[in-house]
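Reviewing the structure listed below.
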Amino acid sequence: MAAAAHPLYPHLFAPLDLGFCTLPNRVLMGSMHTGLEDRARDFPRLAAYFAERAAGGVGLMVTGGFAPNISGWLKPFGGKLSWSWETHKHRQVTGAVHAHGSRICLQILHAGRYGYQPLQVAPSRLKAPINPFTPRALSARGVERQIDAFVRSAQLAQEAGYDGVEVMGSEGYLLNQFTAPRTNRRDDAFGGDAARRRRFAVEIVRRIRQACGPDFILIYRLSMIDLVEGGSSWDETVRLAKAAEAAGATILNTGIGWHEARVPTIMHSVPRGAFAFTTKRLMGEVKIPLMTSNRINNPEQGERLIADGAADLVSMARPFLADPEFVAKAAAGRGGEINTCIACNQACLDHVFQNRTASCLVNPRACHETELNYRPAAKPRTIAVVGAGPAGLAAATIAAGRGHRVTLFETSHEIGGQFNLAKRIPGKEEFHETLRYFRRQIELTGIELRLDTQADATALAGFDEVVLATGIRPRQVGFPGARHPKVVSYLDVLTGRVVPGRKVAIIGAGGIGFDVAGFLVHEGPSSALDAGRWRAEWGVDLGYGENRGGLAPTPRAPVRALHPGPKPAAREVWLLQRSPGKPGAGLGKTTGWVHRAALKARGVRMLGGVEYLGVDAAGLHVRIDGQLQTLPADHVVTCAGQEPYRPLAAELEASGRSFHVIGGADIAAELDAKRAIAQGSRIAAAL
Ligand code: FAD
Ligand code: NAP
Ligand code: SF4
């Protein structure tokens, strides 16, 4: 008898019969590089990381990418599976996942010209714009050797106990480099016309199926929209999908955009599900299940996509860093308790690009499961947490979750601290989700929340432990005219106390300066909430018209992506910093370029090496490159960094009380929510 449909998510929780096995639901944990794949000694941590997600109900997951040989390495000595002795460490992963009744596929990723190493190869000798190394063009014999390497890697994955493999055919890696004319200039059996360009990918699928037999999951990650000039046309994409199906693929997963594309694909300013239209368009062209991906972060959306016929399955990756229990919570009707991925990239992708282990801003346990644990408290105590910003919220909810009796003091009428400002920035609407999560955790853990309460030393007497998470104060600037009425703080602007005029100079081009600039030049509703508007702004062609790669044409240039981003704004904005060089250098590796491109397109002038001489009725007087200038600003908004705010510390010290200080109250320099939440979580784990 068929099981009853799930009352809330009947499509998401419908089993999927693959012929030789049945997946319990339609959610796949997509491939993510964590930095734990590269060294054998990190595999126990990798196994613990996957085990926790398997225990959380994920039916099928995919590892980070493993190269099939050293020429396919993403970086020197990166994760690779090409020798039998390398299977041993993988058994820790597959064993841990199977122990929880879940399934796991190994992703085989050949970086091609994206390899950050000198051994890289490609269909043609063409350097990637994002890589200093120039690849060696493969000979015909060399191409055959690469195919053999993929097959061998898949066989070894099978030997290591994996339930299948995902062949990485998208994001501009080697297979994609073969399929697109942008990077394939060959004129042999593997290049020339579209059929020969796709032959490399199709042969890999065909021979893996042949070598691994019929009962082995073979996911092909197909680039549904390349977002680069010279990418594949829609017709070529459909033909490749059909060829991969005929060659033996079990599931087609969706890949979006090459890494060198100048269109953002996963950060928070990209609307949820902005690219599902590509998968939907392919539905019906093949009979095997299609999986959609990119900016899907909640069960309602997954349910809707499948119900609307946009896909058969949904792939989510970062949401499982944020909450390993995503599936179990949704299945139990506790979707409101999910710790939602806010698509900031700060602790996951940005870490990987810095050669650091990935984690998650909202869940610092991610990839630290073996050492950061929130065990029940041996001896429950009374704990006062002062300040309900990210640091205090993390500390209070984790301490209370461990069994301590926690009182959380907050001066404001609402929890969230600076996240209440961040969530007002167009493109950062996801920050609401973190506050929703913490609100629910406060209810669930029985924290006594005292809003509208300025804690003082008297209020804190009698608690066993005191945690100060009182945050920051904006730094005051000291140049002449700094007290002029037209000089205001980012707090004035973002809280709406001041509506700046049409010409605005921003002092300080850190994260907040960029956000304030975006806030000031934005008009109308946020395009992060309107996929159609967002696609038009960034030149994504829904109809996959005349240009290859899914890029829209513009009157100004043949390809819109050469001039990406929104249109110029009515407000004139200068974004300034004293340090020489391009503003924004300190922003996240994977998001900074999007902020810069969006502000540039809106006409914001971003200037470094600025000396502030003073403010008066005429505006802001500056010296740049030795030249005196007056910027005729109606308002000068200071975003000049922050300083710790902890007046209570002196009071408590005076009364001889011990206490802990976390977040901005501890160190404001280079503070962000990632550090605030991690510090709050770790202190709470230790109490
Ligand atoms: P806060 O968030 O400042 O919270 C301190 C809290 O303590 C406040 O709610 C305050 O009212 C309360 N308080 C103070 N004194 C008392 C008292 N005596 N009694 C009771 N309550 C008290 N970070 C990122 O990582 N990524 C981003 O994209 C990002 N974007 C941002 C955008 C903007 C516009 C802003 C302003 C900040 C952004 N940040 C971002 C920074 C991030 O919000 C901060 O790093 C983080 O909020 C610091 O957390 P915290 O808990 O230390 O302090
Ligand atoms: P910040 O990143 O430290 O930037 C401060 C800016 O002010 C710098 O541009 C600095 O540049 C300038 N400045 C410093 N002292 C000054 C002075 N005395 N007079 C004039 N200018 C001065 O700090 P923030 O922008 O306030 O952001 C706070 C934290 O929030 C950051 O650490 C950031 O990580 C986090 N945040 C992150 C994001 C994100 O998207 N990841 C977004 C917002 C905020 P010069 O010294 O060169 O002038
Ligand atoms: Fe999502 Fe940010 Fe966590 Fe990455 S760090 S998983 S983007 S919330």
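Order of appearance sets the numbers: ligands from 1, and atoms from 1 within every ligand.
Backbone and side-chain nitrogen or oxygen atoms of Ser579 are examined, and one is located within less than 3.5 angstrom of a nitrogen or oxygen of ligand 2. Of the N or O atoms in Val477, none lie within a sub-3.5 Å distance of an N or O in ligand 2. For the pair Arg578 and ligand 2, the shortest N or O to N or O distance falls below 3.5 Å. Taking any N or O of Ile507, backbone or side chain, none lies under 3.5 Å from an N or O belonging to ligand 2. Looking at His595 next to ligand 2, no N or O pair under 3.5 Å apart turns up. Checked against a 3.5 angstrom limit, the closest N/O atoms of Gly511 and ligand 2 fall inside it.
In terms of protein heavy atoms, atom 40 (O) of ligand 2 is closest to Lys428 NZ, 3.5 Å. For atom 30 (O) of ligand 2, the closest non-hydrogen atom of the protein is Leu671 O, 3.4 Å.
Counting only heavy atoms, the protein gets under 4.0 Å from atom 47 (O) of ligand 1.
At a 4.0 Å cut-off, not a single heavy atom of Phe519 sits close enough to ligand 1 to count as contact. Using a 4.0 Å heavy-atom cutoff, Gly588 is absent from the residues neighbouring ligand 2.
Between Gln642 and Gln418, the side chains place a donor N or O and an acceptor N or O closer than 3.5 Å (distance only, hydrogens not considered). Counting only N and O atoms by type, the side chains of His621 and Asp616 include a donor and acceptor under 3.5 Å apart. At a cut-off of 3.5 Å, with distance as the only test, a side-chain donor of Asp350 or Thr590 sits close to an acceptor on the other residue.
Among the backbone and side-chain atoms of Cys341, no N/O/S atom is found under 2.8 Å from atom 3 (Fe) of ligand 3.
With ligand atoms numbered from 1 in the order given, ligand 3 contributes 1 (Fe), 8 (S) to contacts under 4.0 Å with heavy atoms of Ile342.
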